[in-house]
Structures are given as C-alpha cells and as structure tokens.
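Written below as structure tokens is the structure these notes are about.
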Amino acid sequence: MIDPDFFPEGALVGVLTAQPLDRLLDYKAPVGGCQLGAFVEVPLGPRKVLGVVWGKGRGDFDIKRVRSVIRVLDVAPMRGEMRDFLRRAADYTLTPMSAMLRLATRAPGLGDAPSMRKVYRMGHGNVSRETEARGRVMAALRDYGGLSFTLGELSDMAGVTTSVVKGLVKQGAVVEEDSPRDLPFARLDPAYGGKALTADQAAGARALASGVRAQKYATTLLRGVTGSGKTEVYLEAVAEALKIGRQGLVMLPEIALTAEFLTRVEARFGTRPAEWHSGVTMTERRRVWKMVGEGEAQLVVGARSALFLPYRDLGLIIVDEEHDTSYKQEDGVLYNARDMAVLRASICGAQVVLASATPSLETWANAEAGKYNRIDLASRYGPAVMPAMRAIDMRDESLPSNRWISPTLQRAVEARRARGEQSLLFINRRGYAPVTICRACGYQIGCDHCDARMVEHRFLKRLVCHQCGETKPMPDVCPSCEVEGKLAAVGPGVERLSEEAAQVFPEARIATLSSDMFGSARALKAEIEGIAAGAADIIIGTQLVAKGHNFPLLTLVGVIDADLGLQGSDLRAAERTFQLMRQVAGRAGRAEKRGETMLQTFQPEHPVIRAILAGDEEGFWSAEADGRRHAGVPPYGRLAGIILSSPDAQEAFDFGMELARRDGPLRQVGAQVFGPAPAPIARVRGRHRVRLLVKAPKGVALQGAVAAWIAQMSPSNRLRLAVDIDPQTFY
Ligand code: ADP
Ligand code: ZN
C-alpha cells in the first residue's frame, strides 16, 4: 500500500519555513524520503534554515533549479493536529504561517544529534575554603533542588568563571558527569499524595475527570474564591489525564508563581513536571520541546507559549487565573492564549479548564450561554472565610497633601501590628511618582520618544518611560525653564507609598514588592517566601501581589486608590477594577483569622465600588453584560483593532483615511469602521500611531472581511500595519 503521507527521494515537497515569506518553498525529498510533517533543514540562498514538510510541492518552479532537502531532523514529525492548529490560529489572528512556525519552534538546536555532554550537580563533598564565588555556585545548585546544569549555565547563573565550578568539582562539592543531552522526565504518579476533598470539591473533581476520560473536547469554567481549592480540584483532572496516558498542560499567568506551583505538583504526584517559560535555560527548553513531542513529558507547567509545544497527545489544558490580561500577547503575534487553548483543545479532543475567582466577562457569558460547563466552589477551604469589605470615604478623611494613608487605615494597620498580624497596602502603580512637574514653569517631564510622561523611580534613581522603557537620570534643573530645585513629584507610586509608610509606622518592618525591584524571579521568590514566613509587618505592593501568593499571616488589605482603574475610557475598565479589587481582597485571611479589606475611595457610591463592597458577583456580571449587549461590544459583538505606525505622522494618518474610505469589504458583512484617530498614546519609540477600530455583529466572518479590506492597499516600507483581533487594550 502506498503511504500518502510519505514522499520518496526526489519527490517534490512544499516546505514551510520560519522565514518571512508568504508561501511554501519547493524542495526535493532527500535520500530515504521524508514524512509529511517532518522537520527538515533546507537550503535558502546561502543559508540553511529549519522547515516543516507541509505537503506536496507546487511544481511551478523550474524543476532543474529545485534544490534538495539537506536532512530530516531527528525529532518527531509535526502531527496533523498541530499543523491544523497552527493554520487555524493563523487564520484567526491574521498572522502569517511563518510567524506561527516560529512560535512552535522556540527551542535552540532542534536539529542536533542526540549525544552526551558533561553536566554538573550538587555533590556530597564539603566546600573547603568557602569563598563568596563558591558560595554562589552552591546556592544556585541548592535553589534548583538537585537539577543538573551545563558548565556554562551554572557559571552564568552564579556569576562566576568556569574555573570556580571546576575547582568545586575537584573538592567533590560538585559532581561532573556524562549525561545524554535530552533526558525523559520522571514519571508522575497519579496515586501519590492526593488530598481528601470536601463534598463540593469532590463533585467538581469528578465532573472534570469524567470529561478527561471521555477524550472529547469541552471547556469548563472552574469558579471559586481564592483559597476554595480550585488548584486541588484541577490537579485531580490532571491525575485522570495521567491515568489514561494523555498529556496535561497547566498555564500560569506569572513566572513568579511557577516555583510555588511546582512544589505543589511534586507534593501531589511525587516528582516535578516539565517547565516552560522565559526563565528556563536553553538546554532545558530543547529537552522539554523534544520530550513533549515524544510523550516523555506527561505534564508541562508554563507560560502562554507552552501552548505551541508539539504535544504527542494532549488531553487537558488548565488556564489558571484565566481572566489575567497577561494571557494576551501584546507584541509579535497578537494572540490570546486562553482562546487559543480552547481552539487547540477543540482540534485534539482535549478538555479545557478555565480557573478563576473572578472570570472574564467573555468566559462568564460563554458559561451563561451553555457553551462552557461551569463548576462553582462555594466557600473557602477550612476555617478561612471571605474578608469583610468596607469603604473608607476619602472625602471625610483629613489628610495633608502628599499623604495617602488615611487616619482610618492607619489605625487599622496599627491594630494588626499590635496583634502580630500582617497588613498589605496595595497601589497599582510602579515607581515613585507618576508625574514630575516643574513648580516654576509647570513643565512635566515626558519621554523623548513617546507621548507619555516619565515616571520617577527613586529605587533606580532614574526617570523611566513605561511605554518604551527609555530611562534618563533625574535632572537638577527644569529641562524647559532651567530653574534649579523646583522639580516636584506629583502623585503616589509604590516606592513613595513605602516612604510614607516608613514615616507613619516607624517601628514596623516594611517589605515592598514591585516587579521592577527584583533582578530575577528567584530573588522575588525568596522575598515572597520570607514575607509569607512573617519577615514583614507591612507589605507594600503593586498588581504583583494580587496574583495567587499565599500570605497566611495577612489579615488586612488597604487599597490606597480604589478609583484608579475606573478613570480610563477602556471598555474593560469596570471589569478590570472589579477583578483586581476582588483578587487583592482575597489575599487577606487565608488561614484561621478572618481578613478585612478597606478601599480608599472618593466615590463610594460608584456602581462598581458598590458591587465590590457587596461581594455581589453575579449582580456585577449581569449588569456589565447588559451594558455590553446594549453597546454591541464583546462578548456580544466583535472588534478588531488596526494600528498603523510610521515615523511620519501624516503618512500613517493618510493611509488610515484611505483604508476607512475603502470600507466595502467590511460593509459587506455588516461591519463598521471607526477612525482613523491618533492612538491614545500617539507616539511610541519615535513612531506615530494611528488606530482604526472595526466593529461587527457577533457571528460574522470578521477575519475574512478584515483580510480582504487591508489587502486593498500596500503599506510603504516605513509604515507598519498590525491587526489585533479581539483587542484587550486600546493604547
Ligand atoms: P485556589 O486554587 O482556589 O486558590 P487552593 O487549591 O490553592 O485554592 O487551596 C487553598 C489552600 O487550601 C491550599 O493550601 C490547599 O492545599 C488547601 N486545601 C484546599 N482544599 C483542601 C483539601 N480538600 N484538603 C486539604 N487542603 C486543602
Ligand atoms: Zn518612551
């Protein structure tokens, strides 16, 4: 019988490469032939590039000039399901296939032959003559609990020369050994370490497990307040996938959360799973990629890009904190990992679990409409109860200017301190102060490349643009009027709040947590563990602390500015504020003591603030849903954003005008275009930005219409056009 998926030597094949070309390239199959989906190396001009055999060649190219595939790589061919997924994800996001292939091959050295190499791990010998450098090597090894590293990785991690490591090998404190390059992962044991579940939890776990056993696609919203045991429940679904021999993927929104999570997986299944995110070494990445493809990694814990790994048989995808905005990739390929997880699962017959205490309105609406199943965990596990919520009406508080901790909040913190409990003061703003103004002329220091104000970071002793990352030293004189000593900070950021707290609570131990204050995920993890163990009385933090960390001694959360998120004109401003406030509140009172959350607000009667205080989630969602339905916006309508950018503002604007004029293909499907308008941040990195917004009724084939619409015009070399399907942000 002839295998239709096999191409014998010399047959024409069409190869997809990761090069930015918008077509497949024809090659001849190499000696020994090649399989459909095979990863191959092909010549392209003077270079050799990675590609995938995507189908038959087109044969419309001079056959004498068609070159041969150089070799077939020693990795599992890309499965039909994966090719399908990439194709449909490309269609959905209007992304070229080459970019999708890049996402799917983000591991170095895929083509290298399996071989041995030297690796280094902790030995039993003692370190003689403990120097600081030697100490750092040992600390790095300890941090990763028994893992092995290459010489380069270990010396980089510890910031020492390779000779330091070699010296430790001589002493026996570090062991050098030969190891195959890519080892399979240890088997997870589904019967190890399960907990006795509450009735609620057990019912949820049973429902998820039977979905996994069915090996068919379905998505389930797993809703429950922080601490209700969602993780325990979905780990039972993972156990079921392991039992039937299918792979699992758990996506987390934040790398800082993985360490804690991996420990939980180890406690539940006896060993650690594969890990995939930007903090993982290149060698380990390659190992994960290959082992996932061979079915030798049963469970992957990772960031959104873990969705593009070549699973051999993916049966379950968990999207933890599914409402988190970091699931939306905002540069390069603009995709929402939550939605792509649903797409991938629907192709490979897998279950999706979307876990959250505060689901996105999209997910809530899909569950309402019956498209998703829904499991609710009603209460917190054990004695912990939801914190009491109250507003502090800032109109009634007397506070000097440049102070943000109200007397009421101050008293509440002091009461906690007296009892040896922790308080969290939350402000969702990095840096010292959002605005630096000259008191002589009124000038505000802005970024030279963006239409954004520079934010003072005292910790770094610099001004930072939160748009482009540009920094400059804090000047002594006003750049505009040149008067000296009149530059003043306006408004609070997390660093300034720390400073105030240090004055207001001079005796307290204060820990500040903001993403830009820690050089590495490891340093942050260490800080968080210290705090959880009681190393601070007061925690000052940004959004970073809202995400899933466990602080058992914490009983008070004070939100410094609950109105902050409500000011934007963003479609999701209310939703985001509601979620964030609920998440932050969820940090308090996780152990035996009841927590309390206080919101400082100037508008306690605002409907969103009232819904937060009342804890009326269903009420909030249905009111928000009504508003969106009425306006015909997501999830009850569809949106696509077009962002044009160019060094020349006029060019971007003219192009946008012309696009808006030629809106025939959009009107045909009942879609409307708005704009062009300068984007809310009209200049980023020296490029002027113009936006158009396409709005369509739900159910229309929006992507096709948008593709046909923009295909009418070709941008110049200087002009960039990006399409953002289902945009989450509008800047
Ligand atoms: P969530 O994911 O909803 O925030 P977790 O699964 O993290 O909740 O549970 C919160 C805490 O309660 C964790 O420390 C967890 O181990 C514990 N816990 C939850 N359910 C149980 C249970 N049935 N038995 C023992 N401990 C549990
Ligand atoms: Zn900038």
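Atoms within a ligand are numbered from 1 in the order they appear, just like the ligands themselves.
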How about Arg312: does its CZ atom have over 12 heavy atoms from other parts shown lying under 6.0 Å from it?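 12 or below, so no.
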
Distance under 6.0 Å and angle within 45° of the ring axis: does Arg285 meet both against Trp276?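 Positive - Arg285 is close enough to the ring of Trp276 and near enough to its axis.
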
Under-4.0 Å salt bridge between Arg628 and Glu624: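 Salt bridge between Arg628 and Glu624, a charged N being under 4.0 Å from a carboxylate O: yes.
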
Counting the benzene-type ring for Trp, do Tyr192 and Phe269 have ring centres under 6.0 Å apart?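 Not under 6.0 Å, so no.
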
In terms of atom number and element, which parts of ligand 1 are under 4.0 angstrom from non-hydrogen atoms of Leu197?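 Once the distances to Leu197 are compared, the set is 23 (N).
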
Regarding atom 7 (O) of ligand 1: of the candidates Arg264, Gln201, Lys230, which has the closest heavy atom?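 Residue with the shortest heavy-atom distance to the ligand atom: Arg264.
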
I'd like to know whether ligand 1 has Val225 as a neighbour, heavy-atom separation below 4.0 Å.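 Yes, Val225 has a heavy atom closer than 4.0 Å to ligand 1.
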
Counting only nitrogen or oxygen atoms and a 3.5 angstrom limit, does Gly229 reach ligand 1?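 N/O-N/O distance below 3.5 Å exists for this pair.
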
May I ask you to identify, for Ala196, whether its side chain, its backbone, both or neither come under 4.0 Å of ligand 1 on a heavy-atom basis?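 Just the backbone.
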
For the pair Arg344 (side chain) and Phe85 (backbone), establish whether a donor and an acceptor sit closer than 3.5 Å, ignoring hydrogens and angles.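 Not confirmed, Arg344 side chain does not pair with Phe85 backbone.
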
